[in-house]
Amino acid sequence: MRLVLAALGVVLALACGGAKAEPAMWTAHGPHASLVMFGSVHLLPKEVDWQPARLKDAITQADEIWFELPIDDQTAMEVQRLAAGKGLLAASDSLFSHLDVDEQAHLRGVCQNLGISCEVVARMRPWLAEVTLSVAADMRAGALASQGVEQQIAAEAPATARRHAFETVSQQIGFLADPPAAEQVRSLDETMGEIVDDPGIYGRVLKEWLTGDLTALSHDALDPVAKTSPDEYRRLITERNQRWAKVLGQALKGEGKIVVVVGAAHLIGPGGVPALLRQQGFTVEGPDAH
């Protein structure tokens, strides 16, 4: 599910191109409220010129800003606490004992490729191992959590803007930690396969995001998961989009200027939040659903 980023070379190639394209944005209108939606990438390399001027303007004028999670130190500490509580195996257990022979070999190869200790990963439940390997692959390409879209927007947002979150840390970790172990292992194996077989996806998806190419972004970031893991797609994308669209539909019936910043995958396609708001009868300016 990871919306991956880009190696610095891709960023430089984009910077040296012609007319600058921008990440996609949407604006929804209620009777007395407006809502700007921007899809984020959670980890970015340094010095990526990604922020459209009209997003900066919207943030400056915002009465409310919505994120997936609160962006603060307390949230970061809660993530660490719950990840340790729900992500580590008993001392007598090992991740390798939950994998077949091919999966064990796959894990050893990926750990070696990424320079991660197999002994450390062996202490993790499959979901936490998957997250760890995925983040390591992104960081190898230069991505940093401190450079993520949410962190940058939270730092520049005016103090007067009320901040809201759609979910809690416990809920988000539950999406990953609660499924049966067999489903977690399957997802882990798919992510390891992506890391090994398609290392170029990192740069490709960032380029698609930076240029607002939603068709290509859907093809690379959403369609494979919808096809191979429909239950995971429903849990992580479809159901969350539906819940968030209901919340935002109510917000549009109020007053004020609202900015929403969530993972880009949640704004794409006929099941994305902009399309769901259109279905509720709101006028939504921006790219059509693909």
Side-chain angles (χ1 to χ4, degrees), residues 1-28 35-59 68 134 137-138 141-144 147-150 152-153 190-191 194-195 197-229 233 236-238 240-241 244-245 259-279 284-290:
M1 293 302 302
R2 56 198 250 274
L3 277 176
V4 287
L5 321 176
L8 184 58
V10 173
V11 177
L12 291 175
L14 287 169
C16 294
K20 180 184 175 183
E22 294 180 334
M25 288 177 58
W26 292 260
T27 302
L35 189 157
V36 171
M37 290 169 279
F38 185 80
S40 75
V41 171
H42 300 311
L43 290 84
L44 281 174
K46 286 184 177 180
E47 299 178 357
V48 177
D49 182 13
W50 59 268
Q51 191 171 14
R54 57 198 179 112
L55 177 61
K56 291 183 179 181
D57 292 342
I59 292 168
E68 293 184 31
S134 179
D138 291 351
L144 298 171
Q147 297 298 309
V149 167
E150 287 89 348
Q152 295 187 51
I153 288 179
E190 290 172 355
T191 291
E194 179 185 289
I195 290 171
D197 298 335
D198 192 8
I201 193 174
Y202 191 96
R204 193 166 70 247
V205 172
L206 181 64
K207 181 177 180 179
E208 293 161 1
W209 175 71
L210 284 171
T211 57
D213 188 345
L214 301 187
T215 299
L217 194 58
S218 179
H219 178 269
D220 282 330
L222 284 180
D223 294 351
V225 181
K227 181 178 180 180
T228 62
S229 305
Y233 188 89
L236 296 180
I237 301 295
T238 304
R240 295 168 75 199
N241 290 357
W244 299 354
V259 173
V260 175
V261 182
V262 296
H266 295 285
L267 304 181
I268 300 172
V273 174
L276 294 176
L277 289 174
R278 287 183 178 121
Q279 291 176 20
V284 180
E285 301 166 355
D288 291 333
H290 291 275

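The structure presented is a predicted model; accordingly, all values stated were derived computationally and were not measured.
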### Query
Going through the distances and angles, do His42 and Val149 end up as a side chain to side chain contact (heavy atoms under 4.5 Å, CB included)?
CA-CA 6 Å; His42 300 311; Val149 167; over 6 Å; no
### Task
For side chain to side chain contact (heavy atoms under 4.5 Å, CB included), just list the numbers for Lys227 and Tyr233, CA-CA rounded to whole Å, side-chain angles, deciding distance to a tenth of an Å, and then say yes or no.
CA-CA 9 Å; Lys227 181 178 180 180; Tyr233 188 89; over 6 Å; no
#### Entry: Residue pair Leu210, Val41: steps toward the side chain to side chain contact (heavy atoms under 4.5 Å, CB included) verdict
CA-CA 10 Å; Leu210 284 171; Val41 171; over 6 Å; no
### Task
Show the numbers, then the answer: is there a side chain to side chain contact (heavy atoms under 4.5 Å, CB included) between Val273 and Val262?
CA-CA 10 Å; Val273 174; Val262 296; 5.6 Å; no
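Of all heavy-atom pairs spanning Ala275 and Gly269, the tightest one is CB-O, 3.5 Å. Nearest heavy-atom pair, Val284 versus Arg278, reported as atom, atom and distance to 0.1 Å: O-NH2, 3.3 Å. The two residues Leu267 and Gly39 come nearest to each other via the heavy atoms CD1-N, 3.2 Å. For the pair Thr211 and Lys207, the tightest heavy-atom approach, listed with the atom from each and the gap, is OG1-O, 2.7 Å. Of all the heavy atoms in Leu214 and Pro287, the pair that sits closest is CD1-CB, 3.5 Å. Between Ala264 and Leu217 the shortest heavy-atom distance is CB-CD2, 4.4 Å.
For the atom pair Leu222 CG and His266 NE2, the distance stands at 9.0 Å (nearest 0.5 Å). Taken from CG in Asp220 to CG in Leu206, the straight-line distance is 12.0 Å, to the nearest 0.5 Å. Of the inter-residue distances, the one linking Leu277 atom CG with Met37 atom CE reads 5.0 Å to the nearest 0.5 angstrom. Note that CG of Asp197 is 12.0 Å distant from CD of Glu190, once rounded to the nearest 0.5 Å.
Aromatic ring pairs are classed by plane angle as parallel below 30°, tilted from 30° to 60° and perpendicular above 60°; the pair Trp50 and Phe38 is tilted.
Thr27 is not listed as a side-chain neighbour of Met25, based on a closest heavy-atom distance of 4.5 Å or more. The closest side-chain heavy-atom distance from His219 to Glu208 is not below 4.5 Å. In this structure, the side chains of Gln147 and Leu43 stay at 4.5 Å or more apart for every pair of heavy atoms.
Using a distance-only test at 3.5 Å, with no hydrogens or angles considered, no donor-acceptor pair links the side chain of Glu150 to the main chain of Ser40. Under a 3.5 Å cut-off, the side chain of Asp138 and the backbone N or O of Ala143 do not form any donor-acceptor pair.
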